[in-house]
Amino acid sequence: MGSTSAQNGTPEQGGVGRRNLIKRSAALGLISVPAMGFLSACASGGGDDDKSDKPKGEKTKDNPFGVAKGGKLDVVVFKGGYGDDYAKAWEASFEKKWGVTAAHTGTQEITGKLQPRFNAGNPPDIIDDSGAQKIKIDVLNKNGQLLDLAAVFDAPSIDDPSKKVRDTLIPGTLDAGILEGKTVALNYIYTVWGLWYSGKLFKDKGWTEPKTWDEFLAICKDATKQGIGGLAHQGKFPYYINVAIMDLIAKKGGLDAMKAIDNLDPKAFVGSDAAKEAVEAVYEVVEKGYLMPGTNGLTHTESQTRWNQYKAAFITSGSWLENEQLKQTPDDFDMKFMPMPLLPGSAMPYEAIRAGSGEPFIIPSKAANLAEAQEFMRMMLSKEWSSLFAKEANSLTILADGVDPNVKLRPGTQSTVEASKKAGTNTFRFLYTEWYSEMDTEIQNASNELMAKRIQPAEWLKRAQAAVDKAAKTPAAQKNHRS
């Protein structure tokens with residue numbers, strides 16, 4: 001996910017008072033970071049003590065949050081697969097309409113740059129909290145640091161003021177941002193996850209898109225015989241190989257198998273035939289030597305670049321892949337997306353895909369410019385800004401019919417659109433990754449060990465179940481539930 005460098009915003013200035021005393025105490029190790037975050041919030045008086053001279057706008061139907069001309073907005077965007085040109089285009093549009101000065105930061109170091117600002121009670125106004133270094137949203141929510149976004153989704157749509165914003169979105173796409181009953185994140189991009197391959201390589205080799213796991217393994221075997229890896233994965237970030245494992249579980253066992261994991265069932269993994277068959281299927285790729293050599297030690301971009309060099313037949317990823325690899329992809333590569341192949345006796349059809357919203361945008365509860373941040377988010381869900389995103393980032397948003405037909409999508413992204421149409425209502429989406437970040441990390445760690453042949457499938461199942469059982473004891477588990 002693309003490199004960047006951008007200066008972090010600086011904490012607000014003030015005299016020697018409780019805020020500076022808190023910062024110095026933290027630096028000396030006299031108080032913990034969580035305590036600092038709590039005390040700093042108290043010291044800031046809810047964020048209003050430094051805003052007395054802030055311009056205030058009149059709230060109207062066209063200006064539901066009361067944005068005032070001459071205001072400011074601090075935007076931080078994860079500069080990864082989608083870049084940040086789209087955000088710069090949004091900010092220019094926002095400045096033109098409202099006379100608001102937007103400060104822009106594009107970075108991959110979300111936690112490194114922003115955690116100190118959250119701790120100091122001086123967070124940005126709106127954040128694209130994504131990437132390997134994102135701040136865990138469930139942790140921010142637990143600490144009361146996220147704004148409930150209900151007012152944004154209940155505001156009038158810019159394109160059709162007779163409708164609420166929420167009624168213009170693809171059904172179900174807000175679900176991923178609901179934590180403990182509140183919508184605290186806008187997952188903006190309509191994302192699909194699955195397998196990817198080169199149309200050119202497949203044509204040259206006479207391979208056809210495999211619909212069963214046995215057909216998939218047969219291509220991996222043939223590729224290996226010809227000196228090409230069967231499957232590449234982003235070894236240093238085992239999130240990606242979990243796309244394969246979790247997709248296989250859902251497609252084998254159906255929505256009940258998926259919900260058992262999200263709902264922290266005591267038999268989500270150990271005692272689940274779908275989970276057992278899925279992890280054994282992925283391990284077969286390892287055991288038979290079908291992995292691209294060296295893939296376990298590579299970052300996402302390193303592994304993906306070797307795949308672009310025809311050193312592997314398949315790779316797992318989400319629909320940001322094409323944009324992330326633009327500079328490394330040969331012109332005639334013909335990038336293609338496909339659903340996860342089926343295990344025998346699968347409950348879901350081949351066309352079923354993991355699909356839903358991704359790339360979470362959040363507004364901190366202590367943001368200095370809440371009106372501007374909420375209006376910015378409302379404008380994100382307009383056809384104009386959705387089309388700007390599609391044009392600059394080569395991806396779809398969660399706004400229904402939100403892309404101007406004149407926007408031309410690249411081959412890989414176009415193939416995800418076609419796959420989505422074929423899937424119809426046969427889509428699924430895990431939520432444990434948003435609800436229980438520690439559980440997610442522990443399952444990823446188990447997958448890392450599995451792919452390196454340091455543990456066997458039975459041990460993976462035990463570790464994954466232990467992560468589920470641990471999450472089930474947290475207070476959040478009482479409020480998060482899928483029916």
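This is a predicted model, so every value here is computed, not measured.
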What's the verdict on side-chain contact (heavy atoms from CB on, under 4.5 Å) for Tyr190 and Ser420, showing C-alpha distance, side-chain angles and the deciding distance? CA-CA 10 Å; Tyr190 190 72; Ser420 295; 3.9 Å; yes

In sequence, state the C-alpha distance, the side-chain angles, and the governing distance for Asn394 and Glu322, and then conclude on side chain to side chain donor-acceptor pair (under 3.5 Å). CA-CA 8 Å; Asn394 183 45; Glu322 183 173 42; 3.0 Å; yes

Kindly compute the distance separating [atom1] ([X]) from [atom2] ([Y]), expressed to the nearest 0.5 Å.
X	Y	atom1	atom2	value
Leu114	Ile362	CG	CD1	8.0 Å
Gln414	Leu409	CD	CG	5.5 Å
Asp160	Thr168	CG	OG1	9.0 Å
Gln304	Leu298	CD	CG	10.5 Å
Lys479	Thr474	NZ	OG1	11.0 Å
Glu359	Trp320	CD	CH2	8.5 Å

Residues that Trp385 engages under side chain to side chain donor-acceptor pair (under 3.5 Å), provided they are two or more places apart: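 With neighbours one apart ignored, the set is Ser93.
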
Qualifying residues under side chain to side chain donor-acceptor pair (under 3.5 Å), relative to Lys236, sequence neighbours excluded: none

Output field: ring centroids Tyr82/Phe389 closer than 6.0 Å: yes

Looking only at the aromatic ring of each residue, does the gap between the centers of Trp435 and Phe430 stay below 6.0 angstrom? no

Determine whether a donor-acceptor pair (N or O, by modelled atom type, separation under 3.5 Å) exists between the side chain of [X] and the backbone of [Y].
X	Y	answer
Asn143	Gln145	no
Thr305	Ser303	no
Thr60	Asn63	yes
Glu95	Ala102	yes
Asp129	Lys136	no

Would you please say whether a donor-acceptor pair under 3.5 Å links the side chains of [X] and [Y]?
X	Y	answer
Asp138	Ser437	yes
Asp440	Gln444	yes
Asp469	Gln465	yes
Asp265	Asn263	no
Gln115	Asn119	yes

Salt-bridge test for [X] and [Y]: reply yes if a basic N is under 4.0 Å from a carboxylate O, no otherwise.
X	Y	value
Arg378	Glu375	yes
Asp247	Arg354	yes
Asp262	Arg482	yes
Lys366	Asp125	no
Glu442	Lys470	yes
Asp154	Arg166	yes

Residues at least two apart in sequence or cross-chain that pass salt bridge (charged side-chain N to carboxylate O under 4.0 Å, His left out) with Lys336, listed by chain then number, are Asp334

Using a 6.0 Å cut-off, check whether atom [atom1] of [X] has over 12 heavy atoms from anything other than its own residue.
X	atom1	answer
Lys88	NZ	yes
Lys163	NZ	no
Lys259	NZ	yes

Lys383 and Asp404: CA distance, side-chain angles, deciding distance, side-chain contact (heavy atoms from CB on, under 4.5 Å) verdict: CA-CA 7 Å; Lys383 288 187 177 180; Asp404 188 294; over 6 Å; no

Tyr188 and Trp90: CA distance, side-chain angles, deciding distance, ring-ring contact (aromatic ring centres under 6.0 Å, His included) verdict: CA-CA 14 Å; Tyr188 183 69; Trp90 286 350; 5.3 Å; yes

Between Leu147 and Val184, is the side-chain contact (heavy atoms from CB on, under 4.5 Å) condition met? List the steps. CA-CA 6 Å; Leu147 185 72; Val184 294; over 6 Å; no

Walk me through it: do His233 and Tyr240 pass the test ring-ring contact (aromatic ring centres under 6.0 Å, His included)? CA-CA 7 Å; His233 79 108; Tyr240 290 89; 9.1 Å; no

Just so I know, are the side chains of [X] and [Y] near enough to count as touching, which here means a heavy-atom distance under 4.5 Å?
X	Y	answer
Pro364	Ile127	yes
Met246	Ile261	yes
Lys251	Pro339	yes
Lys72	Asp74	no
Val76	Asp128	no
Pro360	Lys134	no
Phe65	Val152	yes
Val67	Phe376	no

Could you walk me through whether Ser386 and Thr397 satisfy the side chain to side chain donor-acceptor pair (under 3.5 Å) test, starting with their C-alpha distance in whole Å, then the side-chain angles of each, then the deciding distance to 0.1 Å, before giving a yes or no? CA-CA 6 Å; Ser386 178; Thr397 75; 2.7 Å; yes

Please lay out, stage by stage, how Ser319 and Thr416 fare under the test side chain to side chain donor-acceptor pair (under 3.5 Å). CA-CA 7 Å; Ser319 48; Thr416 67; 5.4 Å; no

Could you walk me through whether Gln133 and Phe78 pass the side-chain contact (heavy atoms from CB on, under 4.5 Å) check? CA-CA 9 Å; Gln133 300 178 54; Phe78 171 67; over 6 Å; no

Which residue is it: Ile315, Asn296, Val243, Thr301? I am looking for the one with a side-chain contact (heavy atoms from CB on, under 4.5 Å) to Gln234.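 Considering Ile315, Asn296, Val243, Thr301, a side-chain contact (heavy atoms from CB on, under 4.5 Å) with Gln234 is found only for Ile315.
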
Kindly indicate, with the supporting measurements, whether the criterion ring-ring contact (aromatic ring centres under 6.0 Å, His included) is fulfilled by Trp193 and Phe428. CA-CA 10 Å; Trp193 293 261; Phe428 57 92; 9.1 Å; no

Closest non-hydrogen atom pair, Thr316 against Ala244: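 Distance-wise, the nearest heavy atoms are CG2-CB, 4.0 Å.
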
How far apart are the C-alpha atoms of Glu351 and Asn426, what are their side-chain angles, what is the distance that settles it, and do they pass the side chain to side chain donor-acceptor pair (under 3.5 Å) test? CA-CA 7 Å; Glu351 291 78 14; Asn426 286 308; over 6 Å; no

